[in-house]
Participant: 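Dropping the structure in here first, questions after.
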Amino acid sequence: LVWALPVVVLISCATALIEHTHVKDYVIWSIEPSMKRIGLEAIDIVPVLEGFGCNAAAVVQADHQCHICTKERCMSLISFGSSCSYQIGATLSIMNTAHVSWLFMPYLLMVFLGGILHNYLWQSRMRRIRLGSQSEMHFYVTQPPAHIVRPLQWPSWQKLGQQITDQIKMFLY
């Protein structure tokens, strides 16, 4: 609780804030081409980022949030490409003791790239098994699609607080 609860609280606050202000829609739209290149939908970035707080909670969220066609790849990226807060703390402690704290960001990058490489290799294998079924890639050039052109807004503090409370309760449960 001492180690993970603050991380869960901060991630819950950030997630709720970007959802209630509609920033999430624009972020998802802007990273869609990059996420398609690694075999995921843009919405899958939320559980992947939450994996840096708690892998178990992120996998549970991926099970509920990710599209059925990308669920396995998203869970795989969380497992292999997200260092949870326990791993991050332990690794940073070891690097700090060895006086090489500057290696922390390259470490996180290597873990994430390793997860992407794992997904690529797994995806290639699955593609061969499915006999060449290919997913269609969409790239938005200038404007977001009509379904996300919602104006940015101030969040409802009551709804924001309720979502944060629910996420913290889910973690504690």
Side-chain angles (χ1 to χ4, degrees), residues 1-21 23-67 69-128 135 137 139-140 160 163-164 167-173:
L1 287 177
V2 171
W3 192 278
L5 186 59
V7 175
V8 170
V9 169
L10 290 174
I11 289 176
S12 298
C13 290
T15 303
L17 190 63
I18 66 168
E19 284 180 12
H20 288 277
T21 57
V23 170
K24 179 180 172 183
D25 298 335
Y26 289 94
V27 169
I28 288 172
W29 167 74
S30 67
I31 64 168
E32 182 79 24
S34 300
M35 293 298 286
K36 288 284 188 184
R37 287 188 186 118
I38 62 173
L40 297 172
E41 296 291 326
I43 191 71
D44 297 341
I45 194 67
V46 175
V48 169
L49 291 176
E50 288 180 353
F52 285 99
C54 179
N55 285 8
V59 167
V60 169
Q61 180 164 350
D63 189 38
H64 298 301
Q65 181 176 335
C66 295
H67 294 100
C69 58
T70 63
K71 188 180 295 189
E72 287 180 7
R73 290 187 297 262
C74 183
M75 289 180 181
S76 175
L77 186 57
I78 292 167
S79 301
F80 289 94
S82 293
S83 293
C84 74
S85 60
Y86 296 113
Q87 294 167 321
I88 288 173
T91 304
L92 192 53
S93 295
I94 291 169
M95 289 179 176
N96 191 40
T97 301
H99 304 291
V100 289
S101 317
W102 59 271
L103 285 175
F104 183 65
M105 290 309 287
Y107 160 76
L108 285 181
L109 182 63
M110 292 295 290
V111 168
F112 189 67
L113 291 176
I116 291 171
L117 178 63
H118 175 269
N119 264 1
Y120 176 76
L121 295 172
W122 178 255
Q123 222 177 323
S124 297
R125 180 175 167 260
M126 294 308 289
R127 239 185 263 136
R128 284 193 303 266
S135 62
M137 293 180 71
F139 293 93
Y140 304 111
L160 189 74
Q163 182 176 344
I164 293 168
Q167 289 178 347
I168 293 170
K169 283 180 184 176
M170 183 182 79
F171 168 75
L172 293 174
Y173 176 70

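The figures that follow rest on heavy atoms only: side chains count, while hydrogens, waters and symmetry mates do not. Starting from 1, each residue takes its place in the sequence as its number.
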Participant: Once rounded to the nearest 0.5 Å, what's the spacing between atom OH of Y26 and atom OG1 of T21?
Facilitator: 10.5 Å
Participant: Sequence neighbours excluded, which residues qualify as side-chain contact (heavy atoms from CB on, under 4.5 Å) partners of L5?
Facilitator: V9, I168, F171, L172
Participant: To the nearest 0.5 angstrom, please state how far the CG atom of D44 sits from the CE atom of M75.
Facilitator: 10.0 Å
Participant: In Å and rounded to the nearest 0.5 Å, what is the OG1 to CG distance from T15 to L10?
Facilitator: 10.5 Å
Participant: Please report the shortest heavy-atom distance between S82 and Q87, naming the atom on each side.
Facilitator: O-OE1, 3.8 Å
Participant: Can you tell me how far CD1 of I28 sits from CD1 of I18, rounded to the nearest 0.5 angstrom?
Facilitator: 7.0 Å
Participant: Check side-chain hydrogen bond (donor to acceptor under 3.5 Å, both in side chains) between Q167 and all other residues, then give those that pass, not counting sequence neighbours.
Facilitator: S12
Participant: Go through the structure and list residues passing side-chain contact (heavy atoms from CB on, under 4.5 Å) with M170, not counting sequence neighbours.
Facilitator: none
Participant: For S101, which residues count as a side-chain contact (heavy atoms from CB on, under 4.5 Å) partner, sequence neighbours excluded?
Facilitator: N96
Participant: Quick one: pull up CD in E41 and CD in E32 and give me the separation to the nearest 0.5 Å.
Facilitator: 5.5 Å
Participant: Specify the closest pair of heavy atoms between I164 and A16, including all atoms of both residues, with the distance to one decimal.
Facilitator: CG1-CB, 3.8 Å
Participant: Could you state the interatomic distance from CG (L160) to SG (C13), rounded to the nearest 0.5 Å?
Facilitator: 7.0 Å
Participant: Without placing hydrogens or testing angles, list every side-chain donor-acceptor pair under 3.5 Å for residues 108-116, not counting sequence neighbours.
Facilitator:
none

Participant: List in chain and number order the residues that pass side-chain contact (heavy atoms from CB on, under 4.5 Å) with V27, two or more places apart in sequence or in another chain; answer none if no residue qualifies.
Facilitator: V23
Participant: Could you report the tightest heavy-atom contact between Q163 and E19, atom names first, then the distance?
Facilitator: NE2-OE1, 2.9 Å
